There are 4 protein chains.
Amino acid sequence: MRKDELKQAAIRVFARRGYHAAKVSEIVAEAGVAQGTFYLYFPSKQALFGEILDDYLSLITGAVAGWDLTRVESLEQLRQDLKQVAFLLTQGMLRNQELTRIFFHEALAVDPVFNRHIAQFYDQVVALIGVVNRHCIAKGIYRPIDSDVLAQCVVGLIERVVVQYVVNSRVTEEESRRIVQEVIDLVLFGAAGTQVPAR
Amino acid sequence: MRKDELKQAAIRVFARRGYHAAKVSEIVAEAGVAQGTFYLYFPSKQALFGEILDDYLSLITGAVAGWDLTRVESLEQLRQDLKQVAFLLTQGMLRNQELTRIFFHEALAVDPVFNRHIAQFYDQVVALIGVVNRHCIAKGIYRPIDSDVLAQCVVGLIERVVVQYVVNSRVTEEESRRIVQEVIDLVLFGAAGTQVPAR
Amino acid sequence: MRKDELKQAAIRVFARRGYHAAKVSEIVAEAGVAQGTFYLYFPSKQALFGEILDDYLSLITGAVAGWDLTRVESLEQLRQDLKQVAFLLTQGMLRNQELTRIFFHEALAVDPVFNRHIAQFYDQVVALIGVVNRHCIAKGIYRPIDSDVLAQCVVGLIERVVVQYVVNSRVTEEESRRIVQEVIDLVLFGAAGTQVPAR
Amino acid sequence: MRKDELKQAAIRVFARRGYHAAKVSEIVAEAGVAQGTFYLYFPSKQALFGEILDDYLSLITGAVAGWDLTRVESLEQLRQDLKQVAFLLTQGMLRNQELTRIFFHEALAVDPVFNRHIAQFYDQVVALIGVVNRHCIAKGIYRPIDSDVLAQCVVGLIERVVVQYVVNSRVTEEESRRIVQEVIDLVLFGAAGTQVPAR
DNA sequence: TATGAATGAGTATTCATTCAT
DNA sequence: AATGAATGAATACTCATTCAT
């Protein structure tokens with residue numbers, strides 16, 4: 001579909017130029033259509049960005065939807081499940097590196113309207129992780145800990161690891177598995193932890 | 001000094017509008033000088049941003065400079081020292097919230113030239129933390145762990161906690177102490193860790 | 001006929017938006033046909049306007065065609081005949097208010113090519129009235145008077161009365177009869193005239 | 001002043017091209033300034049037109065301001081005074097032919113916002129003339145006549161005479177005096193009037 | 001005939017930067 | 001040093017027109 005071709009072209013241009021330096025003329029050239037065609041499908045450059053952003057947030061949400069980590073009963077089970085979730089998430093990002101790059105580099109600097117949108121997304125994610133955290137604390141899997149701070153930490157640590165290994169380094173899916181494991185064990189057992197079970 | 005007044009004015013404008021929406025005319029109005037005066041002190045709007053960015057990176061660097069966490073010999077000592085470093089860092093950011101906001105929201109979307117600059121900064125920070133990590137591993141304070149992944153995680157988790165509590169929520173310095181402690185203990189002992197010493 | 005449907009739709013759109021603000025897309029939407037269909041019947045938006053303009057000029061011309069006011073012999077006869085002509089004319093305009101509105105509001109601002117067209121139309125009308133005037137002067141019905149100036153005056157006074165009462169106020173045909181009588185008596189006897197016969 | 005130079009340039013361009021065909025680039029070229037300079041003095045092309053329109057309406061208003069035709073006591077006095085007013089008015093229009101052309105050709109087709117503006121102006125003029133008319137009727141200078149219709153007629157007849165002789169033919173001031181006299185006598189005594197006094 | 005997606009030339013407006021004073 | 005009027009390159013968006021189906 002023309003609309004999708006334009007979106008894909010825009011993703012490539014946004015990824016290499018950044019939102020503000022990306023000209024509509026470059027996007028249409030990349031898509032191989034005329035300038036006017038752009039406006040058949042998007043009312044403005046900003047609206048196009050909004051759609052791309054929504055698509056990405058849906059992608060991320062979709063990658064972890066359906067999971068219910070509050071059903072886990074043991075540390076070991078949690079460890080396994082987290083690995084699954086994290087891998088799926090990482091995979092989604094690895095397969096959409098340009099989108100991921102745009103999200104982490106540009107999204108906050110496009111327009112305040114998107115900032116609110118993104119803040120809501122983060123709030124949802126943090127809330128979701130918070131639920132898991134409180135469940136684990138209740139089950140005695142986690143020690144008593146501020147579940148909100150923990151949630152923020154988890155999000156932040158995923159973010160940077162993603163930016164570094166997905167956006168910048170572009171690791172293989174193979175390598176990403178090992179990193180995911182390291183990260184999960186860090187969250188669960190800490191750097192000074194001694195009782196880390198074998199994988 | 002006029003130059004500094006302009007820089008301070010620019011920080012306020014960048015913080016509330018974002019780099020791209022900030023007009024030079026608004027910056028000079030904020031500073032109370034004429035349009036032409038701007039160019040007596042800065043060759044361009046982008047150069048001004050570069051200076052502001054450098055100032056911020058220096059601020060951050062300065063907050064942790066002088067510290068040598070590779071001299072620590074025990075877990076407990078590390079825990080104390082980390083707290084010191086982290087608090088100093090957090091304090092610096094809390095006292096420069098606008099700068100911090102600009103750094104995390106705008107810096108990556110201004111121009112590729114700054115992206116490389118920022119990447120180098122992150123590399124340095126990660127390298128620094130990596131040194132500490134390897135030291136701790138050698139001393140047996142940390143279990144064997146990928147020191148680079150750990151370093152990335154630490155950076156990311158600091159980032160998000162800062163963005164959330166410093167940029168968005170604007171916590172008090174008092175509250176920030178508690179959060180810092182939580183974060184450090186998470187890194188050291190994990191969420192599932194059981195042998196966390198009393199503070 | 002499709003062509004006529006498009007023309008009627010265009011008249012409505014021109015009347016409410018004005019020529020320049022009227023989009024071809026709105027005209028076809030109003031007519032309920034596809035964009036391309038427009039160009040099956042009209043080579044351009046401007047050509048369509050030209051046709052509409054010609055239709056209107058024909059309408060006006062038709063309303064007074066066939067009349068030969070140079071056959072009148074007396075003031076009273078002239079007065080009667082003028083009333084007839086004027087009423088027919090007014091009626092035509094009242095029944096085509098949108099066209100009348102377009103003519104007086106837009107026609108001169110569309111394109112120089114139409115300006116010449118319209119100027120010719122006015123010249124013809126003035127010439128026609130001039131003939132009547134000279135006839136009446138010769139017959140002694142009119143006093144010696146500059147027949148061209150009189151012709152211009154008659155046209156102008158019709159114009160404004162039409163714009164005011166037809167385009168703006170939309171009077172009834174009933175009311176228009178009285179106004180027509182007033183106007184004719186003004187032209188014939190003036191405001192200061194004392195020997196105005198009963199109607 | 002730069003603003004005035006731009007306005008004068010715009011008047012010339014509007015007069016020869018019409019509002020819609022007039023490009024800002026042509027206006028600034030005519031004024032001999034850069035494109036951006038335009039926007040130092042006018043927020044938009046439309047606002048510029050608005051100012052020009054206002055200037056013209058003020059010019060017209062100013063030409064007849066100060067006159068109080070309700071103080072006249074006799075027909076002959078009225079006839080003299082009308083001649084004065086009309087000549088002043090005509091003179092103002094003759095000396096601003098481009099403005100006059102713009103007003104009669106373009107003003108109604110620029111934007112609805114100006115249409116309302118112009119309608120108000122006409123209403124005021126008609127009201128003003130209506131006052132005179134009622135005064136003359138009361139004094140017995142005029143026969144009983146619909147003063148509103150008369151007012152509309154006077155305005156319309158001035159309009160067309162102006163368009164024809166000022167905008168199109170560009171008569172001399174000398175010639176205009178004679179025409180003014182003819183027009184006034186037409187209004188006062190009509191074409192069929194016999195008791196027209198010598199001038 | 002009819003469609004409607006595609007075209008691309010055209011233009012008002014913005015704003016970083018310059019420079020005469 | 002300071003001013004602020006002037007500059008002009010840059011660009012998103014519109015809409016009359018075309019044409020393959």
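In what follows, chains carry the letters A, B, and so on, assigned in the order in which the sequence lines appear, proteins first and then strands, with residues in each chain numbered from 1. Quick caveat, the model's predicted, so the values are computed rather than measured.
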Point to revise | Who pairs with F:dT18 - Watson-Crick or G-U, where each distance is under 3.5 Å | key: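 Because both required distances fall under 3.5 Å, F:dT18 counts as paired with E:dA5.
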Review point. According to the Watson-Crick and G-U wobble definitions, with both distances under 3.5 Å, which nucleotide is paired to F:dA10?
Key: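 Partner of F:dA10: E:dT13.
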**Study point:** Salt-bridge contact A:Glu30-A:Arg17 (side-chain N to carboxylate O under 4.0 Å)
**Key:** no
Separation of atom [atom1] in [X] from atom [atom2] in [N], rounded to whole Å:
X       : N      : atom1 : atom2 : value
D:Leu40 : E:dT14 : CG    : P     : 12 Å
A:Ile27 : F:dT11 : CD1   : P     : 12 Å
C:Glu5  : E:dT1  : CD    : P     : 13 Å
D:Glu26 : E:dG10 : CD    : P     : 15 Å
C:Leu6  : E:dT1  : CG    : C1'   : 13 Å
A:Gln35 : F:dC15 : CD    : C1'   : 13 Å
D:Lys23 : E:dA12 : NZ    : P     : 8 Å
B:Met1  : F:dA1  : CE    : P     : 10 Å

Would you say [X] reaches [N]'s phosphate, i.e. side-chain N/O to OP1/OP2 under 4.0 Å?
X       : N      : answer
A:Arg2  : E:dA5  : no
C:Tyr39 : F:dT18 : no
B:Thr37 : F:dT3  : yes
C:Ser44 : F:dA16 : no

Check your understanding: Can you tell me how far P in F:dT21 sits from the matching atom in E:dT1, rounded to whole Å?
Key ->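 It comes out at 22 Å once rounded to the nearest Å.
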Check your understanding: Base, sugar-phosphate alone, or nothing: which one does A:Ala21 contact when heavy atoms must sit under 4.0 Å apart?
Key ->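 Nothing: the residue A:Ala21, judged by heavy atoms under 4.0 Å, touches no strand.
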Practice item. May I ask you to say what C:Tyr41 touches in the nucleic acid, namely base, sugar-phosphate or nothing, with a heavy-atom cut-off under 4.0 Å? Key: sugar-phosphate
Point to revise | Check against side-chain contact (heavy atoms from CB on, under 4.5 Å), D:Phe42 and D:Lys3 | key: CA-CA 8 Å; D:Phe42 304 100; D:Lys3 179 164 185 170; 3.6 Å; yes
**Study point:** Upstream residue (5' side of DNA chain F) when C:Pro43 and B:Phe38 are each assigned their closest nucleotide
**Key:**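 The 5'-side residue here is B:Phe38.
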Check your understanding: Toward the 5' end of DNA chain E, which comes first, B:Val24 or D:Ala22, by nearest nucleotide?
Key ->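 This one resolves to D:Ala22.
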Practice item. Between C:Gly32 and B:His20, name the one whose nearest nucleotide on DNA chain E is closer to the 5' end. Key: C:Gly32
Review point. So, does B:Glu98 use its side chain to make a donor-acceptor pair with the main chain of B:Ala15 at under 3.5 Å?
Key: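 No.
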Check your understanding: Got more than 12 heavy atoms from elsewhere within 6.0 Å of NZ, B:Lys23?
Key ->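 No, NZ of B:Lys23 has 12 or fewer neighbouring heavy atoms, counting only those of other groups under 6.0 Å.
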Review point. Just checking, is any N or O donor in the side chain of B:Tyr122 or B:Glu159 under 3.5 Å from an acceptor N or O on the other one?
Key: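 Looking only at side-chain atoms, B:Glu159 and B:Tyr122 do form a donor-acceptor pair, the distance falling under 3.5 Å.
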